[in-house]
There are 2 protein chains.
Amino acid sequence: MLTQSEENYLKAIYSLSEDQKESISTNLLAEKMSTKPSSVTDMVKKLSDKELISYQKYQGCELTAIGKKTALQIIRKHRLWEVFLVNKLNFGWDEVHEIAEQLEHIQSAKLTDHLEEYLGYPKVDPHGDPIPDKNGIFEKINKSIALSDVNLKGKGSVVGVEDGSSGFFQFLKRYEIGLGTEIQVMEKFDFDLSVLVLINGKEISFSSVVANKIFIQVK
Amino acid sequence: MLTQSEENYLKAIYSLSEDQKESISTNLLAEKMSTKPSSVTDMVKKLSDKELISYQKYQGCELTAIGKKTALQIIRKHRLWEVFLVNKLNFGWDEVHEIAEQLEHIQSAKLTDHLEEYLGYPKVDPHGDPIPDKNGIFEKINKSIALSDVNLKGKGSVVGVEDGSSGFFQFLKRYEIGLGTEIQVMEKFDFDLSVLVLINGKEISFSSVVANKIFIQVK
DNA sequence: GTTAATTTTTAGACAAGTCTAAAAATTAAC
DNA sequence: GTTAATTTTTAGACTTGTCTAAAAATTAAC
């Protein structure tokens with residue numbers, strides 16, 4: 001039985017492990033969790049005692065097989081609840097993250113499985129992220145790529161975004177960008193890593209910050 | 001912003017206030033919360049500081065108007081989630097209490113309201129208890145009465161039960177008692193306050209403990 | 001209307017999760 | 001390959017919610 005805090009740490013470690021293969025440093029994890037490195041040290045010791053992560057002093061941490069499976073179950077719940085909120089309760093995909101952060105901690109495997117069935121076994125959440133099944137297995141069907149990594153003249157449709165802040169969603173709304181929106185990269189500027197894209201016939205310039213957060217599936 | 005513990009105390013105080021008009025004693029609340037009186041003293045001080053209850057040393061506590069409203073919002077969430085679990089996810093009415101105990105603490109008024117709409121504005125939960133609206137108002141349409149209080153030869157259908165323990169639900173299942181089951185009180189024994197009832201053509205004797213927990217709507 | 005039983009509160013302690021400030025280890029710089 | 005900068009850990013403290021044990025207040029008993 002894990003506390004909400006422990007679950008959030010596991011999720012954060014999993015998320016960071018997706019971006020980089022090496023072990024996760026204390027400082028990096030502290031930043032992700034919006035807390036202090038000393039607090040992280042305390043927590044990784046605890047999670048290590050529970051054999052959910054491997055941890056050596058000064059060497060960062062890494063999920064064990066059990067830890068990874070546990071993290072995936074939390075992610076599974078988060079994404080299923082997001083589907084519920086958007087598909088059944090008519091929330092916008094830009095307002096479900098915070099609520100799902102709470103719902104993901106509800107303890108009942110039966111509830112999760114019933115919810116999944118009720119939703120018709122969805123494969124992806126409203127942000128385009130894949131939903132692990134009860135064994136933690138999910139298809140990496142969305143070989144999505146950040147706008148910043150798309151080749152010149154590359155074209156595709158939006159399948160997901162990173163960053164959960166509402167400010168970013170406001171931004172997307174302003175430019176009428178949603179799941180499925182067609183985007184083509186017209187020019188790439190090396191000096192500031194910004195990109196000029198074509199959306200609905202209009203040319204728009206995106207900073208590298210934005211270009212790193214919008215993911216499209218190239219055709 | 002209240003902690004889950006604070007919310008649970010408010011709910012308990014509300015529940016006890018339903019049974020008796022006087023202020024709630026520390027010991028009684030401790031028993032209800034399955035904790036020690038000293039812990040209760042600490043908590044009622046905190047809730048009193050927040051003006052959710054009125055509390056005078058050695059005099060017990062009582063919900064303020066704001067405290068009552070807050071408690072009713074938690075109860076509202078609990079019961080709406082129970083309806084969801086039973087009506088949408090096909091849970092039995094005897095297995096939803098524990099999960100609803102967790103879901104009732106999810107913080108989002110918008111979620112609660114959307115859920116209510118999605119469920120079609122139900123008036124009662126699967127146990128027959130009324131669901132308060134967003135202003136904390138609910139109809140006391142179910143003038144249900146405990147089996148122990150039904151007059152001799154009184155007849156009616158089950159509209160609710162008290163006690164959330166799974167043992168009790170097992171008991172009900174064993175005797176095939178559910179919402180709507182017809183019950184008639186055939187005899188009442190003063191010496192042990194037990195009752196002899198007629199259910200589905202069979203005569204069954206209920207102890208006073210049980211008779212206090214089954215509520216019927218007399219015709 | 002004292003004394004006894006019960007209830008309630010206080011005082012001090014503990015675990016979880018966090019913090020600050022200081023010490024220790026690692027990494028980088030020259 | 002020492003010295004300096006950075007990262008990480010330790011030590012001690014704070015908060016929340018709980019506990020035990022003892023003291024204080026209330027209620028009951030005679």
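So you know, we letter chains A, B, ... as the sequences are listed, proteins then strands, and number each from 1.
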Visitor: Would you confirm whether R79(A), through its side chain, and P130(A), through its main-chain N or O, come within 3.5 Å as a donor-acceptor pair?
Guide: yes
Visitor: Does a side-chain N-to-carboxylate-O contact under 4.0 Å join D113(A) and R76(A)?
Guide: yes
Visitor: How long is the line joining CD of Q56(B) and P of dT8(C), in whole Å?
Guide: 15 Å
Visitor: May I have the distance from Y9(B) (atom OH) to dT16(D) (atom C1'), rounded to whole angstrom?
Guide: 12 Å
Visitor: Under 3.5 Å for both distances, Watson-Crick or G-U wobble, that's the pair rule; now give the dot-bracket for DNA chain C, with | marking pairs to another strand and [ ] for crossing ones.
Guide: ||||||||||||||||||||||||||||||
Visitor: What is the distance from CD1 of I24(B) to P of dT8(C), rounded to the nearest Å?
Guide: 11 Å
Visitor: Without decimals, in angstroms, what is the distance between M1(B) CE and dT15(D) P?
Guide: 20 Å
Visitor: Please report the distance, rounded to the nearest Å, between CG in L28(A) and P in dT7(D).
Guide: 11 Å
Visitor: With a non-hydrogen cut-off below 4.0 angstrom, is S5(B) in contact with a base, only sugar-phosphate, or nothing?
Guide: sugar-phosphate
Visitor: Under the 3.5 angstrom rule, does the side chain of T26(A) hit a backbone N or O of V40(A) as a donor-acceptor pair?
Guide: no
Visitor: Look only at the side chain of T112(B) and the backbone of S108(B), and say whether a donor-acceptor pair between them is shorter than 3.5 Å.
Guide: yes
Visitor: Is it possible for you to check whether K88(A) lies under 6.0 Å from the centre of the six-membered ring of F84(B), through NZ or CZ, and within 45° of that ring's axis?
Guide: no
Visitor: At 4.0 Å (heavy atoms only), tell me whether T41(B) reaches a base, stays on the sugar-phosphate, or touches nothing.
Guide: base
Visitor: Under 4.0 Å between a side-chain N or O of S25(A) and OP1 or OP2 of dT7(D)?
Guide: no
Visitor: Determine whether a donor-acceptor pair (one donor, one acceptor, N or O, separation below 3.5 Å) exists between the side chain of S38(A) and the base of dT20(C).
Guide: yes
Visitor: Would you say K45(B) reaches dT9(C)'s phosphate, i.e. side-chain N/O to OP1/OP2 under 4.0 Å?
Guide: no
Visitor: Report yes if at least one side-chain N or O of N27(B) is closer than 4.0 Å to OP1 or OP2 of dT8(C); otherwise report no.
Guide: yes
Visitor: With nearest nucleotide decided by heavy atoms, which residue, K36(A) or K57(A), maps closer to the 5′ end of DNA chain C?
Guide: K36(A)
Visitor: Expressed in angstrom and rounded to an integer, what is the separation of M33(A) atom CE from dT8(D) atom P?
Guide: 16 Å
Visitor: Once side-chain hydrogen bond (donor to acceptor under 3.5 Å, both in side chains) is applied, do any residues pair with K57(A), and if so which ones, sequence neighbours excluded?
Guide: none
Visitor: Angle between ring planes, F171(B) versus F206(B), binned at 30° and 60°: parallel, tilted or perpendicular?
Guide: tilted
Visitor: Distance check needed: dT16(D) C1' versus N8(B) CG, whole Å only.
Guide: 15 Å
Visitor: Heavy-atom nearest nucleotide on DNA chain C for Q4(A) versus Q59(A): which residue maps closer to 5'?
Guide: Q4(A)
Visitor: Is the distance from OP1 or OP2 of dC19(D) to the nearest side-chain N or O of S39(B) less than 4.0 Å?
Guide: yes
Visitor: Under a 3.5 Å distance rule, please check whether E116(A) uses its side chain to pair with a backbone N or O of P122(A) as donor and acceptor.
Guide: no
Visitor: With a 4.0 Å cutoff (strictly under), does any side-chain N or O of Y55(B) reach OP1 or OP2 of dT9(C)?
Guide: yes
Visitor: Round to a whole Å and report the spacing from OH of Y58(A) to C1' of dT27(C).
Guide: 13 Å
